[in-house]
2 protein chains.
Amino acid sequence: MVSVLSAQTKQTQRHREPCGACADCEVRKMAICAALQDDALDALESIMTSRKLETGEMLVEEGAPKLKVFSLTAGLLRLFTLLPDGRRQISGFLYPGDYLGLADDGTYSQTAEAVVPSTLCSFAVSEMDDLMDAHPALKDRLYVMTREALRQSRDNQLVLGRLAPVEKLASFLLVLSAQAERIGQPANPVHLAMNRTDIADYLGLTIETVSRCFTKMRTQGLIQLPDANTVSILSHRSLAAVAGAEFKS
Amino acid sequence: MVSVLSAQTKQTQRHREPCGACADCEVRKMAICAALQDDALDALESIMTSRKLETGEMLVEEGAPKLKVFSLTAGLLRLFTLLPDGRRQISGFLYPGDYLGLADDGTYSQTAEAVVPSTLCSFAVSEMDDLMDAHPALKDRLYVMTREALRQSRDNQLVLGRLAPVEKLASFLLVLSAQAERIGQPANPVHLAMNRTDIADYLGLTIETVSRCFTKMRTQGLIQLPDANTVSILSHRSLAAVAGAEFKS
DNA sequence: CGAATCTTTGAAGGAGATCAACTATAGTGG
DNA sequence: CCACTATAGTTGATCTCCTTCAAAGATTCG
């Protein structure tokens with residue numbers, strides 16, 4: 001409690017730093033700070049601290065008390081659950097603009113790790129709660145993002161429960177492509193920041209099956225694989241058809 | 001718009017009907033109306049209309065404009081998505097106290113049907129939005145329920161992606177048992193209100209596999225099946241072990 | 001009682017997992 | 001700079017489990 005308060009004091013004193021401040025933030029228009037008035041944004045910035053993560057570094061662990069929430073500004077996180085025997089299910093990836101802590105009440109319900117070096121805005125939950133009381137728009141924004149996350153999670157249930165492996169992978173590539181576009185990157189040569197194990201654990205497959213599906217899609221002329229982490233979509237249309245026509249775009 | 005207003009007028013006039021009113025509602029302590037002050041509850045009741053559904057009746061359809069939201073008071077609903085070729089994924093079941101419309105913005109993202117005859121409280125979205133502005137506790141309550149739904153959906157992703165068929169079914173039975181207890185029914189002889197097709201479409205299996213898993217669990221002495229829709233859990237402990245130890249209870 | 005629906009069980013086939021080996025890429029240290 | 005190692009990805013062979021196809025109970029309802 002004491003440390004939280006002193007952190008707040010320290011942050012409040014730091015007005016509008018030239019670089020890295022919200023004003024010139026790359027994800028200002030998409031993150032929690034989107035649709036906030038200037039005063040709310042200032043208040044949000046005043047309780048914000050920055051944090052960086054190395055590849056593979058754990059940010060929060062399932063079951064730990066939820067003391068901080070985060071807004072990802074750059075990089076990529078994976079959100080997952082482990083079974084006692086080591087099986088892992090990645091429930092989703094967090095991209096720049098995404099918020100960590102939407103689902104959690106009291107304790108984190110999942111573990112979050114950096115897939116690549118990442119930078120985040122960090123907020124103490126207690127301060128964020130106070131801020132939400134002062135600025136209803138902030139709470140509304142988080143509520144909207146939570147609904148969006150719920151729809152996405154339910155879409156994933158369909159993918160996991162009813163799509164065949166190739167359909168899963170096609171659907172995944174299309175989502176990645178759309179996501180890249182959303183954060184202002186090229187939609188077509190899709191860059192896979194995560195490895196095969198991550199993809200497998202996200203789609204409920206093994207790495208061998210993921211690899212074979214990539215090969216099959218390449219053989220069928222749907223994609224090219226200049227290298228293992230770059231996918232060139234040759235026919236968005238055909239790929240969508242393979243995705244079980246599940247993809248709305 | 002006009003019809004909505006006239007409905008409001010009609011409802012506002014009906015004060016505290018003796019039966020079916022919120023005061024003696026069975027799910028008052030669990031539904032959206034939990035944790036509401038009397039004035040908020042009165043306001044909520046004033047815009048509420050009652051609705052009944054027959055078995056199999058559709059309540060809302062995916063893609064349709066979200067004009068109403070619902071609170072289930074009795075019965076059971078299934079929430080699902082269909083693929084063009086007929087494959088279906090049930091993302092969840094709604095039990096008494098659950099709310100329909102948590103994930104949706106503008107249009108319904110999934111179809112909802114009654115599994116058994118059900119009764120609901122119905123609210124016009126426009127009126128509910130007004131009410132949420134007037135009573136922040138209402139919005140907070142919906143937000144809490146949305147977070148809960150998100151955690152549940154992510155748990156389901158783990159079940160769908162990483163559990164074997166018997167583990168899925170064991171996990172499902174334990175959830176059903178806990179749910180029954182939550183709404184004041186016996187936890188142990190679990191009553192299956194849904195059929196094998198529903199269970200299969202919820203767990204990402206075929207009905208044959210579901211049936212065989214039931215048989216296997218019966219053979220192994222984990223459960224008894226007095227009839228197809230009644231499951232007697234013989235060892236909660238063993239069942240939890242089979243569920244991949246995924247079940248926290 | 002008989003039709004319809006639901007559930008269970010059986011037999012066959014196939015798809016994905018597992019096990020194993022090989023290739024490619026990146027990072028390290030001599 | 002280049003071997004050497006470690007890690008990641010691909011490919012192959014086999015096997016197992018789930019799906020598919022089929023038919024036989026069981027239950028419900030008119």
Side-chain angles (χ1 to χ4, degrees), chain A residues 54-56 78 83 85-90 115-117 159-170 172-173 190-220 223-231 242 244, chain B residues 54-56 78 83 85-90 115-117 159-170 172-173 190-220 223-231 242 244:
Chain A
E54 302 295 319
T55 295
R78 57 178 165 250
L83 288 176
D85 63 4
R87 283 177 286 180
R88 184 179 69 160
Q89 177 65 42
I90 295 180
V115 176
V116 298
V159 170
L160 287 167
R162 284 300 178 222
L163 294 197
V166 273
E167 295 174 322
K168 288 180 176 180
L169 194 57
F172 177 64
L173 290 177
V190 178
H191 175 68
L192 305 177
M194 69 293 290
N195 62 26
R196 297 293 187 265
T197 304
D198 286 332
I199 298 175
D201 285 350
Y202 179 62
L203 297 176
L205 303 170
T206 61
I207 58 172
E208 294 93 334
T209 298
V210 169
S211 182
R212 277 185 249 270
C213 287
F214 270 124
T215 302
K216 185 180 290 181
M217 291 166 70
R218 185 170 49 73
T219 306
Q220 294 178 344
I223 59 168
Q224 281 181 334
L225 282 165
D227 65 281
N229 295 318
T230 307
V231 179
V242 170
Chain B
E54 301 295 319
T55 295
R78 58 179 164 248
L83 289 176
D85 62 4
R87 281 177 289 180
R88 184 179 70 161
Q89 178 64 43
I90 294 179
V115 175
V116 299
V159 171
L160 287 166
R162 284 300 178 222
L163 294 198
V166 275
E167 294 174 323
K168 288 180 176 181
L169 194 57
F172 177 63
L173 290 177
V190 178
H191 175 68
L192 304 177
M194 68 293 289
N195 62 26
R196 297 294 187 265
T197 305
D198 286 333
I199 299 175
D201 286 350
Y202 179 62
L203 297 176
L205 303 170
T206 61
I207 58 172
E208 294 94 333
T209 298
V210 170
S211 182
R212 277 185 249 272
C213 287
F214 271 124
T215 302
K216 186 180 290 180
M217 291 166 70
R218 185 171 50 75
T219 305
Q220 295 179 344
I223 60 169
Q224 281 181 334
L225 282 164
D227 64 281
N229 294 318
T230 309
V231 179
V242 169

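Values reported hereafter were calculated over all heavy atoms of this structure, with side chains retained and with hydrogens, waters and symmetry mates removed. First the proteins, then the strands, lettered A, B, ... as listed; each starts at 1.
Taking a heavy-atom distance under 4.0 Å as the criterion, the stretch of DNA chain C touched by chain A extends 5' to 3' from dG16(C) to dC19(C).
At least one side-chain heavy atom of R88(B) sits under 4.5 Å from a side-chain heavy atom of T197(B).
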Query raised in the report: Stepwise, does the side chain to side chain contact (heavy atoms under 4.5 Å, CB included) test hold for L169(B) with I199(B)?
Result: CA-CA 8 Å; L169(B) 194 57; I199(B) 299 175; 4.0 Å; yes
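Closest heavy-atom contact between L192(A) and A228(A): CD1-O, 3.8 Å. Across every non-hydrogen atom of A193(A) and V115(A), the tightest pair is O-CG1, 3.6 Å.
Here D85(A) pairs with R87(A) under the salt bridge (charged side-chain N to carboxylate O under 4.0 Å, His left out) rule; sequence neighbours left out. Under the ring pair (Phe, Tyr, Trp, His ring centres under 6.0 Å) criterion, F214(B) pairs with no residue, sequence neighbours left out.
No side-chain donor-acceptor contact under 3.5 Å links R78(B) to the backbone of Y202(B). Proximity of a side-chain donor or acceptor of Q89(B) to a complementary backbone N or O of D201(B) within less than 3.5 Å is detected. Judged purely by atom type and a 3.5 angstrom limit, T219(B) uses its side chain to pair as donor or acceptor with the backbone of T215(B).
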Between protein and nucleotides 27-30 of chain D, what N or O pairs are separated by less than 3.5 Å?
none

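Applying the salt bridge (charged side-chain N to carboxylate O under 4.0 Å, His left out) test to pairs two or more places apart or on separate chains, none has a residue in residues 206-220 of chain B.
Across residues 206-220 of chain B, E208(B), S211(B), R212(B), T215(B), R218(B) each have a non-hydrogen atom less than 4.0 Å from an atom of DNA chain C (numbered order).
For the pair I199(A) CD1 and dG9(D) C1', the computed distance is 11 Å after rounding to whole Å.
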